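Shown next, in structure tokens, is the structure this report addresses.
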Amino acid sequence: MVDTRSKTGRTPPRRTLAEGMVETPGRKRRSTSRKSDANTDRSASPPIDDALVTGVDPVVQIGLTERRAAQKDVEKSVNGHANGHANGHANGKPKGRIIDGWLEGGDPKIDMNPHFDFGGSFGVTAMMLGFPTLMWYMWIGATYYDGNFPSEPNMTWSEFCRHMVNLVYTGAYPHLKAWTIYWVFMVAQGFFYLTLPGVYATGKPLPHENGKQLRYYCNGVYSFYLTIVLAIAAHFTGVFKLYTLMDEFGPLMSVAIISGFIVSFIAYASAFYRGAQHRMTGYHVYDFFMGAELNPRMFGWLDFKMFCEIRLPWYILFLITLSAAARQWENNGYVSGEVGFLLMAHFLYANACCKGEEMIVVTWDMYYEKWGFMLVFWNLAGVPLSYCHCTIYLANHHPSVYAWNKPFLVFLYVSYLFVYYVWDTSQSQKAMFRARERGYQTERKSFPQLPWKEVKNPQKIETDTGDAILVDGWYKYARKIHYTCDVYFALTWGLITGFRSPFPWFYPVFFFAMIVHRAWRDVQRCREKYGDAWKEYERRTPYLFIPRPALFEDLVV
């Protein structure tokens, strides 16, 4: 469905633009046929103004009696929080249906069905303190101990701790140059988000807002390619040498860590100041980690979750690998096959996030997760500056130290491209299924367009919620096959460096543990939300990660 008329009811004048493109802010809106599936209109006003679109998802309407009963349950819940009850209820479970923690007709600020992940307040406190410490620790090992665990047998524990702190202070001090590099990049990406051409996508209906669907502006492809062009131009003109990112990695990491905390505190305080809290448990440490606001935006259309999840971590990761290639070319006159592999891998991943940006608007992160420390810190610091240790190891060593034989290197390239094909098309199949289900299909021609990106007339399982579960394409072989591909990516990022250093293997090990936990959270939520329909899906597709044997039979055939 495409909006074709302005708020005043007038049809705006037509303009000729490239296929799939929309005008940038400040221009008049383009008129589009209602028969078109493309969702590509943009006006000078923020898209949030006309985001009240319900699609085909049901909007639950409840009567006055039910609302009054729900309000009483909410009041009980508040009293339960005051008394310190972890489950958020003072006198048993609330009446009525709960959707994603929201009691129909109740206060969306209160989580009526909280799930305390990561060990609750104590667990998230350990994570908030432990992850920055681990990042500095791994950087010290990679920089001062030839990629090995830092160790000083002749020092006492107190002396060793002071020694480590001193290394961080002298080698990773967040100086002005690092702050400038990091925040100029951030501001530039925000400017690109607001000004470059792109397309619209429509999010899932929000039950607590009467089925309202937010509009998301997607121009990551143009932002990514323009960033690459500007980075290469700055390198060859001498304005900013790319390998500066490697030279200043320690200070840049410190800036990112500090920025993650600052932005998290601002986001949490801002949500309370504006009354924008959502699904709060009443435990501030835990709520700070998980977030307070669901859909924070600037200027009406710069969605913070969308902006940080797509642009910041994966652009930075790719640029760091590009800087390693630039340093290797400068020092050796060539780029090794191993660095080339990571450059390919990180480009494909970042590019895929951009070319399918409109598809993530219905994912767990955008629809359910809140804007808290978990998302803020991990996107601003954790992902780009800890997942990159494979690149750091290669950049700090001569190719002769880590070189693989040619046949194995070819195997890594070929297998990675095949798994990428499965990953890309499986994500596309599910996203396009959801988009067509709601009538908001956005056709794009971004590189690369792969065969079998959509399943025609797919098999599906209807649910009581009005959604349907895709049980076709790659998802008839494994319910989380895209996670399996992600795990393989992580494995190869470590494998390409060999086994001389433990730090490139942090990402594969951490990611595997994280993705298993995430899958379990998702399974729990789907079982609760879809009931018997989800049980039927599990019966028809019993395999979670490893595809069922029929996949290999089908491939052979």
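Predicted model only: the values in this text are computed from it and were never measured.
- Atom OG of Ser386 sits about 8.0 Å away from atom CZ of Phe131, to the nearest 0.5 Å.
- Here the side chains of Phe304 and Glu293 are not in contact, with every heavy-atom distance at 4.5 Å or above.
- In this structure the side chain of Leu194 never reaches within 4.5 angstrom of the side chain of Met298, judged on heavy atoms.
- A donor-acceptor pair is defined here as one N or O able to donate and one able to accept, closer than 3.5 Å; such a pair exists between the side chain of Tyr286 and the backbone of Asp117.
- Aromatic pair Tyr268/Phe272: ring centres closer than 6.0 Å.
- Aromatic ring centres of Tyr349 and Trp423: separated by under 6.0 Å.
- Ion pairing between a basic and an acidic side chain is recognised when a charged N comes within 4.0 Å of a carboxylate O; Asp522 and Lys529 show no such pairing.
- Two residues are said to be in side-chain contact when any heavy atoms from C-beta on lie closer than 4.5 Å; Phe307 and Leu312 meet this criterion.
- Lys480 is not listed as a side-chain neighbour of Ile515, based on a closest heavy-atom distance of 4.5 Å or more.
- Side-chain contact check for Met127 versus Met374: every heavy-atom pair is 4.5 Å or farther apart.
- For Tyr488 and Tyr483, the ring centers are positioned 6.0 Å apart or more.
- Using a 3.5 Å distance cut-off with no hydrogens or angles, the side chains of Tyr217 and Asp303 do not pair a donor with an acceptor.
- Outside the 6.0 Å centre-distance limit, the rings of Tyr222 and Phe192 are not counted as a close aromatic pair.
- With ring centers used as reference points, Phe116 lies under 6.0 Å from Tyr283.
- Checked against the 6.0 Å centroid threshold, His346 and Trp493 count as a close aromatic pair.
- Comment: Arg539 engages Glu536 in a salt bridge, judged by a side-chain N to carboxylate O separation of less than 4.0 angstrom.
- The backbone N or O of Leu294 sits nowhere less than 3.5 Å from a side-chain atom of Arg279 that would complete a donor-acceptor pair.
- Ion pairing between Lys456 and Glu454 holds under the 4.0 Å rule for side-chain N and carboxylate O.
- A salt bridge does not link Lys453 to Asp424: none of the charged side-chain nitrogens sits closer than 4.0 Å to a carboxylate oxygen.
- Taking 4.0 Å as the cut-off between side-chain N and carboxylate O, Arg527 and Glu538 count as a salt-bridged pair.
- In this structure the side chain of Tyr420 reaches within 4.5 angstrom of the side chain of Leu450, judged on heavy atoms.
- In this structure, Trp378 has its ring center closer than 6.0 angstrom to the ring center of Phe510.
- Counting only heavy atoms from C-beta outward, the side chains of Gln213 and Leu206 never approach each other to under 4.5 Å.
- Taking the six-membered ring for Trp and the full ring otherwise, Tyr315 and Phe224 have centroids separated by under 6.0 Å.
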